Amino acid sequence: MALQWFPGHMHKALKEIKESLSQVDILIEVLDARIPFSSENPEIAKIRGDKPCIKILNKYDLADPEITARWQESLEKERGVKTITTSSDNPGNSKQLMQLIRSICSHKDGQAKVIKAMITGIPNVGKSTLINILADRIIAKTGNEPAVTKSQQRINLGSGIILFDTPGVLWPKLENPHSIYRLASSGAVKNTAMEYDDVGFFAADYLIKAYPDVLKERYKLDELPDTEIEFLEAAAKSRGAIMAGGRVNLHKICEILLKELQSGKLGRITLETPEMLVAEQIEIEEAAKKKAEAKAKRKQKFKTGSLTPDKKDRKEKREEKREEQSRRMKKSK
């Protein structure tokens, strides 16, 4: 699936983030606890430098807690990074963020200058809801669709902390093809930018392998099929996603599966693990190497491939003649 969703307002927002980052003391990046890697903007990592960063694994109540703990350990290996989990059903835990900000920026205690923090995150990661909890009032517009926040704003959280809120942005090129599907599966992109069938097949394939018991219970199946198409057909019959003539409505059952995954009706599910990403990174590097080698071969073939043996021979003779003329000119000087 080719998914490239980087509208003009995202390009503008990313540029503003880069310009404002030098003014803040600490960066807060909100991640989706179900896809910590895929929801982490690589453009932010490039421009952060040595600035301290708190990575919030939001929607923790929807994610597999054991895998989330492994992700926290993995993320905190990066210099200057601390992690915290939050969810809309646990606002008290969100308040701990304020204490963590003060702890990291403790060198400013006793000074008149306030702590300036910038908060970033991909669309639909729950950033606006988190801001409203921190501010204890409705500041940011929320919604279950991506790209609700359109422009940067400053919010006084009290206790000497000013928060720079930024629009949710993706990045121009998604290199990991698996991440594209995970973003779509989690609802990080608008429905118009994805095909339910395509993403539904990806989600079904992963869930069969990672959470087989969840699928059996949710869709009332005695046995779980081995393939995604067989599972979707069985689930469609269980849910009545059948068209005229008894044909399975794959689009409908994929839509049901994705909505139940995104809402948490399937249970606490995480779509990627640190170990998976290590293996995928190796695959990406090998694919990039093969692509570069193929490109080099095409380039070389373009230079010489169109020459017949006779033309190639004449070309070599012309080059030899030019070299001989060049040697004579040097001797005559």
Side-chain angles (χ1 to χ4, degrees), residues 1-6 10-11 14 29 31-49 53 55 57 63-64 66-81 83 122-123 125 169-189 193-195 197-212 226-229 231 254 258 261 269-306:
M1 178 184 66
L3 175 61
Q4 296 295 339
W5 188 46
F6 194 67
M10 288 192 182
H11 178 79
L14 187 58
E29 185 171 14
L31 308 178
D32 188 324
R34 300 167 297 176
I35 48 170
F37 173 83
S38 296
S39 60
E40 187 178 44
N41 191 331
E43 296 297 317
I44 299 299
K46 290 177 185 177
I47 63 178
R48 179 174 74 87
C53 178
K55 293 186 184 292
L57 278 71
D64 188 320
E66 188 274 329
I67 298 178
T68 299
R70 279 152 53 192
W71 270 114
Q72 287 188 267
E73 182 181 356
S74 176
L75 291 168
E76 291 192 358
K77 289 179 181 177
E78 186 179 352
R79 183 181 176 184
V81 172
T83 65
I122 67 169
V125 78
V169 292
L170 291 174
W171 43 102
K173 185 179 180 182
L174 299 166
E175 294 184 353
N176 189 330
H178 302 289
S179 290
I180 296 172
Y181 283 98
R182 290 171 191 144
L183 285 163
S185 297
S186 70
V189 295
M194 59 184 270
E195 291 290 339
D197 298 16
D198 203 12
V199 182
F201 270 70
F202 171 84
D205 179 61
Y206 174 78
L207 293 170
I208 287 170
K209 298 170 184 174
Y211 297 93
D226 295 328
T227 66
E228 62 270 32
I229 183 63
F231 160 71
C254 285
L258 291 173
L261 171 63
I269 288 174
T270 297
L271 297 173
E272 60 191 12
T273 68
E275 297 77 18
M276 286 169 57
L277 268 300
V278 171
E280 288 175 11
Q281 188 58 40
I282 293 173
E283 289 178 7
I284 292 170
E285 290 173 358
E286 289 178 350
K289 183 179 178 182
K290 289 180 180 178
K291 186 177 180 181
E293 291 173 350
K295 183 178 180 180
K297 287 181 180 179
R298 287 196 302 270
K299 188 175 181 180
Q300 183 63 29
K301 187 176 181 180
F302 178 77
K303 289 181 178 179
T304 61
S306 60

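Just so it is clear, the model here is predicted, and its values are computed rather than measured.
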Student: Using the rule given for side chain to side chain contact (heavy atoms under 4.5 Å, CB included), can you reason through Leu31 versus Leu75, listing the C-alpha separation, both sets of side-chain angles and the distance that settles it, and then say yes or no?
Tutor: CA-CA 11 Å; Leu31 308 178; Leu75 291 168; 4.1 Å; yes
Student: Could you tell me which residues satisfy salt bridge (charged side-chain N to carboxylate O under 4.0 Å, His left out) with Lys46, sequence neighbours excluded, listed by chain and number?
Tutor: Glu43
Student: Report the residues that fulfil side chain to side chain donor-acceptor pair (under 3.5 Å) with Thr83, sequence neighbours left out, ordered by chain and then residue number.
Tutor: Gln72, Glu76
Student: Identify, with sequence neighbours excluded, every residue that meets side chain to side chain donor-acceptor pair (under 3.5 Å) alongside Lys289.
Tutor: none
Student: Sequence neighbours excluded, which residues qualify as side chain to side chain contact (heavy atoms under 4.5 Å, CB included) partners of Glu66?
Tutor: Asp64, Arg70
Student: Which residues pass the side chain to side chain donor-acceptor pair (under 3.5 Å) test with Lys291, sequence neighbours left out?
Tutor: none
Student: According to ring-ring contact (aromatic ring centres under 6.0 Å, His included), who are the partners of Phe231, at least two apart in sequence or on a separate chain?
Tutor: Tyr219
Student: Less than 4.0 Å between a side-chain N and a carboxylate O, is that true for Glu29 and Arg48?
Tutor: no
Student: Ignoring hydrogens and angles, write down the donor-acceptor pairs under 3.5 Å from the side chains of residues 278-288, residues two or more places apart or on other chains.
Tutor:
residue	atom	partner	partner atom	Å
Glu280	OE1	Asn176	ND2	3.0
Glu280	OE1	Arg182	NH1	3.1
Glu280	OE2	Arg182	NH2	2.5

Student: Who passes salt bridge (charged side-chain N to carboxylate O under 4.0 Å, His left out) against Asp205, sequence neighbours left out?
Tutor: Lys209
Student: So, using ring-ring contact (aromatic ring centres under 6.0 Å, His included) as the criterion, who are the partners of Tyr211 when residues are at least two apart?
Tutor: none
Student: Could I get the full list of side chain to side chain donor-acceptor pair (under 3.5 Å) partners for Ser38, not counting sequence neighbours?
Tutor: Ser179, Glu272
Student: Can you list everything that forms a salt bridge (charged side-chain N to carboxylate O under 4.0 Å, His left out) with Glu73? Sequence neighbours excluded, please.
Tutor: none
